[in-house]
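These notes concern the structure reproduced below.
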Amino acid sequence: MAQVYASMQTSSVRPDVVTYSIIVNGLCKAGRVGDALRMLDGMSRQDSDIRPDVVTLNTVVDGLCKSGQVQEAVAFVEQRMRSVHGCPPNTVTYNCLIDAFCRVGNVSMAYELVGRMENKGVAQNIVTLNTIVGGLCRAGRAGAALEFFREKRTVWTEAKGNAVTYSTLVGAFLHSNNIGMAMALFHEMMTEGHSPDAIMYFTMISGLTQAGRLEDACSMASSLKKAGFKLDAKAYNILIAGFCRKKRLHEAYELLQEMKEVGLQPDVCTYNTLLSGSCKAGDFTAVDELLGKMIDDGCQPSVVTFGTLVHGYCKAGKIDEALRILRSMDESGIHPSTVIYNTLIDFLGKSGDADLAIQLFDEMKEKHVPANVTTFNALLKGLRDKNMPEKAFELMDQMREERCFPDYVTVDVLMEWLPVIGETERLKRFMQQSEHTAAKRGVRDRISAQ
DNA sequence: TTAGGGTTAG
């Protein structure tokens, strides 16, 4: 970009304000807001023959907002736009600020800015509406978002709702498992004369599948096709995962076939999903076949593939086979993950092999695989079942040293164990230390977030 | 120049 800019300055092609705005936008989108501001300063100097316009300035406002400098953006709007540059903030300026406040969870400030727009006679548009609706939905307030939409569409003449409004609301209602409302809004959108676009269809397919409504999801997929769109690999993966969860393996495999027929290459995610489904069905012959097909297709097993197999074999009580899979990862050159070790440690603990669980925990350290609270919980459960408190105390100390905070599972395990063996004091100390460090961490996080 | 979505292992 710098080269293009330099060559323009020496050639007969004269950059104008649009050129500069494009560069400022490029800098902002590349996360170089400081450079964008310097360029703006250059444009604002007395000897400059190109002055920034409202688009240049809005670009900078949005750049500041999206890089987390919301207060700086507000200061820029209040102190520089009109007085320095002679450009009063317009609809886009306010929309950028409103979005920024919504994203940090400050919806009331977003409302206040809407009020300020009204006072200053700056018109709201469809983006203003969708930004607030999106902000409320993101905050888990789908009902409030819908209410806001209903209220404003009668008042804001330029903002009556469009495909973005509806897909945002539908996504939020699906997410909160209010399928009926999502369906109703989907149909309302069509009644209002907006055709669902691909995003809307994918949102519906995903949400309905997640809710276990496979029939509805499939009929939505048919509508998508009738409307001239195509399912992509991700959409097939979603449906395949849905059928696998319902233990309808036959239909999942049919979708794999359909995927290939329409010329889509199943990816590692497709295979992992079907492997997981076949493991859960206990069909390890299908697992082996599928692994073969996967490799024939040139699809390399990933760490998730190994994790799926390890979990599948553990769940089927074949821990030796699961350990063999772990060992085979060395040859494949794929580094085992925390999840894989956690799975094995959990099942080893459950099958009464706490010693081997501890061995794997030591191996994690050698291999620099980080342990997390799930690792410690699995170990502690295994130790509780074998009543090995000394080792558990050691682990509790390690948790503290590694600043790994106990969760409700840790607390559950220790509360039903330590008091019984007369170690209530140690439990209390552990909880107090954890609360203390957690509180300190909370303070630190708040400081670094500012 | 500003607004929306979806996949796999514990």
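- Within residues 199-229 of chain A, the residues approached by DNA chain B to less than 4.0 Å at the level of any non-hydrogen atom are A:Ile199, A:Phe202, A:Thr203, A:Ser206, in residue-number order.
- Taking 4.0 Å as the cut-off between side-chain N and carboxylate O, A:Glu363 and A:Arg327 count as a salt-bridged pair.
- Among the heavy atoms of the strands lying under 4.0 Å from A:Ala163 is at least one base atom, whether or not backbone atoms are also near.
- Side chains of A:Leu174 and A:Met204 form a contact here, defined as non-hydrogen atoms less than 4.5 Å apart.
- Using a 4.5 Å heavy-atom threshold, the side chains of A:Leu326 and A:Tyr341 count as touching.
- Remark: A:Met190 CE is packed, more than 12 non-hydrogen atoms of other residues, nucleotides or ligands lying under 6.0 Å away.
- Listed by chain and number, the residues in a salt bridge (charged side-chain N to carboxylate O under 4.0 Å, His left out) with A:Arg248 are A:Glu215, A:Glu251 (sequence neighbours excluded).
- At a cut-off of 3.5 Å, with distance as the only test, no side-chain donor of A:Tyr94 or A:Thr131 sits close to an acceptor on the other residue.
- Between the side chains of A:Thr343 and A:Asp346, no donor-acceptor pair is found at a separation under 3.5 Å.
- If you check every strand for non-hydrogen atoms under 4.0 Å, A:Thr374 touches a base.
- In this model, a donor atom of one side chain and an acceptor atom of the other lie less than 3.5 Å apart for A:Thr270 and A:Asn237.
- The cationic group of A:Lys350 lies under 6.0 Å from the six-membered ring centre of A:Phe347 and within 45° of the ring axis, placing it in a cation-pi geometry.
- Contact check for A:Glu192 versus A:Arg153: side-chain heavy atoms found under the 4.5 Å cut-off.
- For DNA chain B, the residues of residues 294-313 of chain A within the heavy-atom distance limit of 4.0 Å (strictly under) are A:Val303, A:Val304, A:Gly307, A:Thr308, A:His311, sorted by number.
- Between A:Glu289 and A:Lys293, no side-chain nitrogen of the basic residue sits less than 4.0 Å from a carboxylate oxygen of the acidic one, so the salt-bridge criterion is not met.
- With A:Tyr166 as reference, A:Phe149 is the one residue of A:Tyr201, A:Phe173, A:Phe149 to meet the ring pair (Phe, Tyr, Trp, His ring centres under 6.0 Å) rule.
- When DNA chain B is scanned in the 5' to 3' direction for atoms under 4.0 Å from non-hydrogen atoms of chain A, the outermost contacting nucleotides are B:dT1 to B:dG10.
- Residues of residues 80-95 of chain A having a heavy atom closer than 4.0 Å to DNA chain B, listed by number: A:Val92, A:Asn95.
- At a threshold of 4.0 angstrom between heavy atoms, the contacts of A:Ser167 include nucleobase atoms, whether or not backbone atoms are also involved.
- Non-hydrogen atoms lying under 4.0 Å from DNA chain B are contributed by A:Asp62, A:Lys66, all within residues 61-72 of chain A.
- Look at A:Lys367 and A:Asp362 and you find no salt bridge, because none of the NZ, NE, NH1 or NH2 atoms lies under 4.0 Å from a carboxylate O.
- Ionic pairing of A:Asp99 and A:Arg103 is present here: one or more N-O contacts between side-chain nitrogen and carboxylate oxygen are shorter than 4.0 angstrom.
- Judged by distance alone, the side chains of A:Tyr271 and A:Asp297 do bring a donor and an acceptor atom under 3.5 Å apart.
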